Enquirer: 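I'd like to ask some things about the structure below.
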Number of protein chains: 4
Amino acid sequence: MLEAVDDLLVDVGYAAMTMKGIAERAGVGRQTVYRWWATKAEILLEACAEDVREELVAPRVGEAREDLLGYLVVLDRFLVESPAGLAFRALLGEAQHDPAVRALVRDADLLALAARDVLVRVRPSAPAMPDLPLAAVQLIGPVVTQVLATGEGLPRDLLATHAATLLRAWQP
Amino acid sequence: MLEAVDDLLVDVGYAAMTMKGIAERAGVGRQTVYRWWATKAEILLEACAEDVREELVAPRVGEAREDLLGYLVVLDRFLVESPAGLAFRALLGEAQHDPAVRALVRDADLLALAARDVLVRVRPSAPAMPDLPLAAVQLIGPVVTQVLATGEGLPRDLLATHAATLLRAWQP
Amino acid sequence: MLEAVDDLLVDVGYAAMTMKGIAERAGVGRQTVYRWWATKAEILLEACAEDVREELVAPRVGEAREDLLGYLVVLDRFLVESPAGLAFRALLGEAQHDPAVRALVRDADLLALAARDVLVRVRPSAPAMPDLPLAAVQLIGPVVTQVLATGEGLPRDLLATHAATLLRAWQP
Amino acid sequence: MLEAVDDLLVDVGYAAMTMKGIAERAGVGRQTVYRWWATKAEILLEACAEDVREELVAPRVGEAREDLLGYLVVLDRFLVESPAGLAFRALLGEAQHDPAVRALVRDADLLALAARDVLVRVRPSAPAMPDLPLAAVQLIGPVVTQVLATGEGLPRDLLATHAATLLRAWQP
DNA sequence: CGCTAATCGAGACGGTACGTCAAGTCTTATT
DNA sequence: AATAAGACTTGACGTACCGTCTCGATTAGCG
């Protein structure tokens, strides 16, 4: 059923994705969909949550600059290309329209989760790094904003510059 | 008519805002709305574009750190509290669902516009600042991402930390 | 639902009868109306078809002149007074504007049906009666034309004269 | 302007004929149309009234049977083929929907007018002919009914039979 | 092993917004 | 002053999707 959601998202886009369509694509009665998820947003969240945890992992290089860059690249590709990334953006979009979805997204906190890992690894080399919540948005914010506003990511060299910028700022 | 849009956005939210509702609130025929704007997104864009230019201006302090912080505070308040900010977020949200809206938002480029001013003013004190497109998302990305993901802004001290972080990183 | 159509036709007239109105009067969704009838004409046809078969029956007197007159009186009253008759006239009217309705009306052939019965019964007393299609319009045409053109029927004595005229003409 | 109405009726049919369309076709402002005719029906009536008087004239043969048949043939062709005939049928159709149009049509009394001439000429050969109003509908009713109900007229031999039938009936 | 009961797909239902169309009124600029 | 052009409010059109609600058919567990 979640596959049906993923398929539909890629095939017809979020705007044209309907509960009726999901049910039909999954070969399932409409009532059955409603039995498990109250809203389209909940289905989307579940449909992408696991994928996020699988796809959004930075390669563990061991060197701070490479670790950050690696994560940024993965994040950029995820948001721009991955179906799960599309789902996530759709969700974030819906959150701007609907407070219930906003709560859902905030609680899931998908993006920060992955950033946390890499930041913890990098912290020893960046003693002046602020607390995690701020550091996380400093790291990912530029990429997220760029993708949401333009639909395209940042080129790799800008990502590298961004990683370098942060590392320099986080030195004492 | 654009007032009706603003009012409705505040009163009922984006999700419940309909072309029908806009027309009725404005005391206008539905056809008349369609005559001037093809989509809800175009109305929203026009409804908030001017407000953005009015509201989203950093106080000109003259000192780099204060300039950046001033802008960040204004941006944060704009996104969280201003009706025009709500409209902008709704628009950015719709852009995730609909490529046509994405193009609209990208072309309007509302956020970067204001950031550009403050960055140009600050540049002399921050010689290592990257080119504007990247610098702009480095500046505003964290705030934008935080607001979109949680609906709430960053507290003032974190904004200050962020400004300081960037300034330090942009030193040679 | 067909009752709602009949009611509306009598209450507001054909011109002011809308699909929306029918749905509301019947306490039914608009889509439900469209699910069963593609056009207003189809609803009308169904709304009056059965009534026609019930109302448009000549009393079986047994005497040729009385049989014809009886039928003419019934037809005249049906067209002028009965809700089903109004529906039929509305339908015939719409048929002049819309070829699809014309086909519908032609195929239903509601008027001739009833006339056929009485003509078959009368034929033994009227050996020179032409073939049924012509005889039928000779019988009913004057009444139909009169009602359509004026909205009022023919007085009983003229109907009697007409019956007598036809019977005389159909003698060898 | 009336030409525009005639043209439109033939080109797009009554159902698709709009006031806007008439005005544009005539190269005239919409308000100007409304200044002279309050309703579509009034325009139609005026557009066909004169044509009726020109087209709906029986050839004056001098022999009763031929006179009647001639008129029936002309009437049949008029109703089935002539643009003015189409307009007249559209008008008669609208009259079933709208009492105002019904009054208009009744007062114009277009059909009977022509029938009256021929009946007056034939009366000397048909002493038992009823009063004009009935005789007129006896003559034209079958043709009118046939055309309205099926869109097609009666073949010439049936028209001849009908004329003969009436003449026989109208003998003493 | 047969019967009840739950669950399922399918899809009809009452609603409501969509974007379009024509109605009839009004304003404006031209002639 | 009368016109064409066309913007205006209104309201029906037919469509799409919503979330709820029946339906039989299919299982599944229990007697």
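The basis for the numbers below is simple: all heavy atoms, side chains too, and nothing from hydrogens, waters or symmetry mates. Every value quoted in this text rests on a predicted model; they were computed, and no experiment measured them.
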Enquirer: Please tell me which of D:Ala16 and B:Gly21 maps to the more 5' nucleotide of DNA chain E, matching each residue to the nucleotide holding its nearest heavy atom.
Expert: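 So the residue in question is B:Gly21.
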
Enquirer: If I take atom CD in residue B:Glu24 and atom P in nucleotide E:dT16, what distance separates them, rounded to the nearest angstrom?
Expert: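 The answer, rounded to whole Å, is 12 Å.
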
Enquirer: Start with the C-alpha distance between B:Asp51 and B:Asp6, add both sets of side-chain angles, then the distance that settles side-chain contact (heavy atoms from CB on, under 4.5 Å), and finish with yes or no.
Expert: CA-CA 11 Å; B:Asp51 290 345; B:Asp6 265 344; 3.5 Å; yes

Enquirer: Can you tell me how far P of F:dC18 sits from NZ of A:Lys40, to the nearest Å?
Expert: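 Rounding to the nearest Å, NZ of A:Lys40 and P of F:dC18 are 6 Å apart.
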
Enquirer: Between the protein and nucleotides 5-9 of chain E, list every N/O to N/O distance that falls short of 3.5 Å.
Expert:
| from | atom 1 | to | atom 2 | distance (Å) |
| --- | --- | --- | --- | --- |
| E:dC8 | OP2 | A:Arg35 | NE | 3.0 |
| E:dC8 | OP2 | A:Arg35 | NH2 | 3.4 |
| E:dG9 | OP1 | A:Gly27 | O | 3.3 |
| E:dG9 | OP2 | A:Gly29 | N | 2.8 |
| E:dG9 | OP2 | A:Thr32 | OG1 | 2.7 |
| E:dG9 | O5' | A:Gly29 | N | 3.4 |

Enquirer: Can any side-chain N or O of A:Gln96 pair as donor or acceptor with the backbone N or O of B:Leu91 at less than 3.5 Å?
Expert: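 The answer is no, because no donor-acceptor pair under 3.5 Å joins these two groups.
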
Enquirer: Angle class for the D:Phe78/D:Phe88 ring planes (parallel below 30°, perpendicular above 60°, tilted otherwise)?
Expert: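 Answer is tilted, since the angle falls between 30° and 60°.
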
Enquirer: Could you say whether A:Thr39 or C:Thr18 is positioned toward the 5' end of DNA chain F, judged by the nucleotide with the nearest heavy atom to each?
Expert: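 The residue mapped nearer the 5' terminus is C:Thr18.
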
Enquirer: Taking CE from A:Met17 and P from F:dA16, how many angstroms apart are they, rounded to a whole number?
Expert: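 Those two atoms, CE and P, are 19 Å apart.
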
Enquirer: Quick one: CE on A:Met19 to CZ on A:Arg30, what's the gap to the nearest 0.5 Å?
Expert: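 Going from the CE atom of A:Met19 to the CZ atom of A:Arg30 covers 10.0 Å.
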
Enquirer: Give the rounded distance in Å between these two atoms: CE of C:Met1 and C1' of E:dA12.
Expert: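 Rounded to whole Å, this separation is 11 Å.
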
Enquirer: Which listed nucleotide (F:dC13, E:dT20, F:dG19) is nearest to the side chain of B:Tyr34?
Expert: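 My answer, after comparing the listed nucleotides, is E:dT20.
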
Enquirer: Which atom names give the shortest non-hydrogen contact between D:Arg106 and C:Thr150, and what distance separates them?
Expert: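 So the two residues come closest at NH1-O, 2.6 Å.
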
Enquirer: Given atom CE of A:Met19 and atom C1' of E:dA10, what is their separation to the nearest angstrom?
Expert: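 Value for this atom pair: 17 Å.
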
Enquirer: How about B:Glu81: does its CD atom have over 12 heavy atoms from other parts shown lying under 6.0 Å from it?
Expert: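 Above 12, so yes.
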
Enquirer: In whole angstroms, how far is the P atom of E:dA17 from the NE2 atom of A:His97?
Expert: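 These atoms are roughly 17 Å apart.
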
Enquirer: On the nucleotide E:dA22, are OP1 or OP2 found under 4.0 Å from the side-chain N or O atoms that D:Lys20 carries?
Expert: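 It does not, given that no N or O in the side chain of D:Lys20 lies less than 4.0 Å from OP1 or OP2 of E:dA22.
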
